[in-house]
There are 2 protein chains.
Amino acid sequence: MADIARLANVSKPTVSRALSNNPLVNEKTRNRVLSVAAEHGYAVNRNAQKLRHKRTNTIAVSMDFRSHRQNRISDPFMFELLAGVSEALGDHNQDLLLCAPNHNDASAFRQILTERGADGFIILGQGHREKMLADCAAAGTPLVVWGAAAPDANYCVVGSDNFLGGQLAGEHFIRQGRRRFLFVGDTSFREIHERRQGLKHVINNSDQAIVFDDVELQSFRYESAHDAAVRYLDVNETIPDAVFTWSDTAAMAFISAFRDAGAHAPDDVSFVGYNDIPEARYFYPPLTTIRQDTYQAGRMLAAKLLRIIDGESPKSATIRTELIVRST
Amino acid sequence: MADIARLANVSKPTVSRALSNNPLVNEKTRNRVLSVAAEHGYAVNRNAQKLRHKRTNTIAVSMDFRSHRQNRISDPFMFELLAGVSEALGDHNQDLLLCAPNHNDASAFRQILTERGADGFIILGQGHREKMLADCAAAGTPLVVWGAAAPDANYCVVGSDNFLGGQLAGEHFIRQGRRRFLFVGDTSFREIHERRQGLKHVINNSDQAIVFDDVELQSFRYESAHDAAVRYLDVNETIPDAVFTWSDTAAMAFISAFRDAGAHAPDDVSFVGYNDIPEARYFYPPLTTIRQDTYQAGRMLAAKLLRIIDGESPKSATIRTELIVRST
DNA sequence: CCCAGTTATGAAATGCATTTCAAGAAATGC
DNA sequence: GCATTTCTTGAAATGCATTTCATAACTGGG
């Protein structure tokens, strides 16, 4: 910057002001500085800038690749979430620092902030870290979370309406005349638990006698979904006629296992998946599913975090959640 | 840091050295400093560090979310690539800056480097930017690229063996006794073009009379794959009995359209997809596909870039590519 | 007991941009 | 024509950690 200053016959502060469009600097001077800078391909050093400012204009996004990849919950839905976040941050000139935290303790998160590497956090998938996140938030770490909000959450959560998702699935089953419901998912995750609650709500409010059962998946591995289906069919005598799974991929695994056992969708069994992945539409039979507007959610997460960093306290929000009826 | 120095009764340089495990500092002193730092939750300011060092220990990863999301080529495969990159960078203590470049000109890329925001680039999907990337590389920008290498590429490319992928598909079709091949994909992408070349190679070296046709997809939109299939079947009288598509999702769309037209897989038509997404296995019928070890590729990309930054010139590499035979 | 050689530590300079504060120049008011 | 604003601009301080260079303390050899 000193060089540019010399070449443009001004001082460093003037260059700095010219480059940041500070109105204090005379227009003619600004243009001269700008042209000299462009000519010499000069760009301000962002690290020096970040060091000087209080803001780093960088947002850390925490994504648990390890469990996602190993368990292959690789519905495009995580990807869309990230895309929404990325674009919204780009629009606000924020850098996106992608973190795959190894530690699940609050201090690891806080450290990124104390290192001044970022101004705040977007947590994609709270998993079982609610307690830790609550600690972080209580300690003043600016953060927003994708997922389902605990009733007493002290941080901002953006998620779909999981209870409604469960309801929609249940009502769909009722309309199809189904009476033997099966819920598939790991309810230790709040999102999944709420979907199950929504489904049960429909059952409880129905005047029909409905049988309900669970397949409590310990992990999200998609192989395990198929295994679980096979095992379930092996052990149980009555075959359910309505299966609501935590993801489209799991639904496909169940449909496949049920078919092998002689129970065909949609004649013998109805299935509702979650996320409306592209393949759901071309699956055979085309899969009924719950769609969440994840891209919008990503944008919303970014917007809310920026407001939090600016000192506001935006409220948690719920994104659109709808049933896509196909053939199952 | 000055505060810690005062509290530990030493000077700033000593604190700095103690924190960076510099052997110059006495062990007792180091421990004292470390404990004081830990006690007060002190962490070095990374921006100041980056400013001082030549290295930023940050790698920019360029991912074209816009086209990926809009076109929904959201096979988990991009995600796995990113996961591999993220983990490998984490292992080497590198930060990952995620960029969604709006501009396709070399200067936009270079600017991130001149701003000292990153030490180098990982480009996930070169698309139609080969020329620009060649300019970047020629200008000395450290970069590695996921994709297919041009014969005269002046930069390091990691990709699967697309020619082999095409060959494997072709040989599979021959083994099934198929004679009317259809290739589906946008060959303006080098990766896709090479797969087609591999397929044609099999045809040319076969002693059978094989018919070959193309569906040249203008875009990767998965809806368009289904539309293209419908249109193709509408216009053409003879129905192919072997279809090789650029992705599993596209294969599923084609299978669906073919089924509607009365051509059933695998009896009437064979299909080979690409990527081996989780759903391929539970699709009906289970989809034969080409698997690329994308996670490994991600790790390799990261490792090679770090070597380039260190002044070496690693060669382009090809990752494992294999045929997964299921029912189609 | 003195000199050379280690070892440990600190003062000051450095990297780069921004901000405060002061001052010079120009414009306005009376 | 002089006082007062209003614009512009620059010198110096600042943010934080690292590196160089110098100095102090200590060790061992003769």
Side-chain angles (χ1 to χ4, degrees), chain A residues 1-38 40-58 93-95 110-119, chain B residues 1-38 40-58 93-95 110-119:
Chain A
M1 180 174 272
D3 296 340
I4 301 298
R6 193 157 17 77
L7 291 167
N9 258 319
V10 291
S11 66
K12 278 194 302 173
T14 305
V15 175
S16 172
R17 286 191 270 254
L19 259 38
S20 61
N21 263 326
N22 188 315
L24 274 178
V25 70
N26 182 298
E27 186 155 342
K28 258 166 44 190
T29 318
R30 185 209 321 290
N31 290 142
R32 180 152 40 93
V33 171
L34 254 44
S35 71
V36 172
H40 292 262
Y42 168 81
V44 297
N45 182 317
R46 277 224 164 181
N47 291 123
Q49 221 168 26
K50 289 177 182 177
L51 176 59
R52 200 62 178 71
H53 288 312
K54 298 237 164 142
R55 283 278 283 265
T56 63
N57 289 322
T58 302
N93 261 312
Q94 304 288 309
D95 288 342
R110 293 223 55 143
Q111 184 167 353
I112 293 188
L113 257 43
T114 58
E115 283 176 345
R116 297 272 63 204
D119 299 327
Chain B
M1 181 176 271
D3 296 341
I4 301 297
R6 193 158 16 79
L7 290 168
N9 257 319
V10 290
S11 67
K12 277 194 305 174
T14 305
V15 175
S16 173
R17 285 191 271 256
L19 258 39
S20 61
N21 261 327
N22 188 314
L24 274 178
V25 69
N26 182 298
E27 186 157 338
K28 258 167 43 194
T29 317
R30 185 207 322 290
N31 290 142
R32 180 153 39 93
V33 171
L34 256 44
S35 71
V36 172
H40 293 260
Y42 167 82
V44 296
N45 181 316
R46 277 223 165 184
N47 290 122
Q49 220 168 27
K50 289 178 182 176
L51 175 60
R52 200 63 178 71
H53 290 312
K54 298 240 162 138
R55 283 278 284 264
T56 63
N57 290 322
T58 302
N93 261 311
Q94 304 288 308
D95 288 343
R110 293 222 52 140
Q111 185 167 354
I112 292 187
L113 256 44
T114 59
E115 282 177 345
R116 298 271 62 206
D119 299 327

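Just so it is clear: chains get the letters A, B, ... in the order the sequence lines come, proteins before strands, and each one is counted from 1.
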| said: Using a heavy-atom cut-off of 4.0 Å across all strands, would you classify Val10(B) as base, sugar-phosphate, or nothing? | reply: sugar-phosphate
| Side chain to side chain, Arg32(B) and Val10(B), heavy atoms closer than 4.5 Å | yes
| message | Please pick, from dT9(D), dT18(D), dA17(D), the nucleotide with the shortest atom-to-atom distance to any side-chain atom of Tyr42(B). | response | dA17(D)
| Proximity to the side chain of Val25(A) - top-ranked nucleotide from dG10(C), dT9(D), dT18(D) | dT9(D)
| Side chains of Arg30(A) and Asn22(A): does their closest heavy-atom pair fall under 4.5 Å? | no
| Does the side chain of Leu51(A) come within less than 4.5 Å of Lys50(B)'s, by heavy atoms? | no
| With respect to the side chain of Ser11(A), which nucleotide from dT20(D), dG10(D), dA17(D) is positioned closest? | dG10(D)
| Nearest to side-chain heavy atoms of Arg52(B), which nucleotide of dT9(D), dG15(D), dA13(C) | dA13(C)
| query | For the pair made of NZ in Lys12(A) and P in dA17(C), what is the distance, rounded to whole Å? | reply | 8 Å
| Which base sits across from dC30(C) as a Watson-Crick or G-U pair, both distances under 3.5 Å? | dG1(D)
| query | Can you tell me how far C1' of dA17(C) sits from CG of Asp3(A), to the nearest Å? | reply | 14 Å
| request: Please work out if Ser20(A) contacts a base, only the sugar-phosphate, or nothing of the nucleic acid, heavy-atom cut-off 4.0 Å. | output: nothing
| Nearest-Å distance for atom pair CG/P, residues Asn9(B) and dG10(C) | 9 Å
| said: Please tell me if Gln49(A) has a side-chain N or O lying less than 4.0 Å from either OP1 or OP2 of dC16(C). | reply: no
| remark: Winner on side-chain proximity to Ala48(B), out of dG10(C), dA17(D), dT18(C), is dA17(D)
| side-chain contact (heavy atoms from CB on, under 4.5 Å) assessment of Leu19(B) paired with Leu34(B) | CA-CA 7 Å; Leu19(B) 258 39; Leu34(B) 256 44; 3.6 Å; yes
| query | Rounding to a whole Å, what distance do you find between Glu27(B):CD and dT7(C):C1'? | reply | 14 Å
| query | Given Asp95(B) and Arg46(B), is the side-chain contact (heavy atoms from CB on, under 4.5 Å) satisfied, shown in steps? | reply | CA-CA 11 Å; Asp95(B) 288 343; Arg46(B) 277 223 165 184; 2.9 Å; yes
| request: Consider the side chain of Leu24(B), meaning its heavy atoms from C-beta on, and name the nucleotide among dA12(D), dA17(C), dT9(C) that approaches it most closely. | output: dT9(C)
| Side-chain N or O of Asn26(B) less than 4.0 angstrom from OP1 or OP2 on dA8(C)? | yes
| query | So does Thr14(B) get a side-chain nitrogen or oxygen closer than 4.0 Å to the phosphate oxygens (OP1/OP2) of dG10(C)? | reply | yes
| To the nearest Å, how far apart are Met1(A) CE and dT14(D) P? | 19 Å
| query | Rounding to a whole Å, what distance do you find between Leu51(B):CG and dA17(C):P? | reply | 8 Å
| task | Return the value, rounded to whole Å, for the distance between atom NZ of Lys50(B) and atom P of dA17(C). | result | 16 Å
| query | Tell me: CG of Asn45(B) to P of dC16(C), nearest whole Å? | reply | 16 Å
| field | N or O in side chain of Ser16(B) less than 4.0 angstrom from dA17(D) OP1/OP2 | value | no
| said: Would you compute the distance between atom CG of Asp119(A) and atom NE2 of His53(A) and round it to the nearest 0.5 angstrom? | reply: 11.0 Å
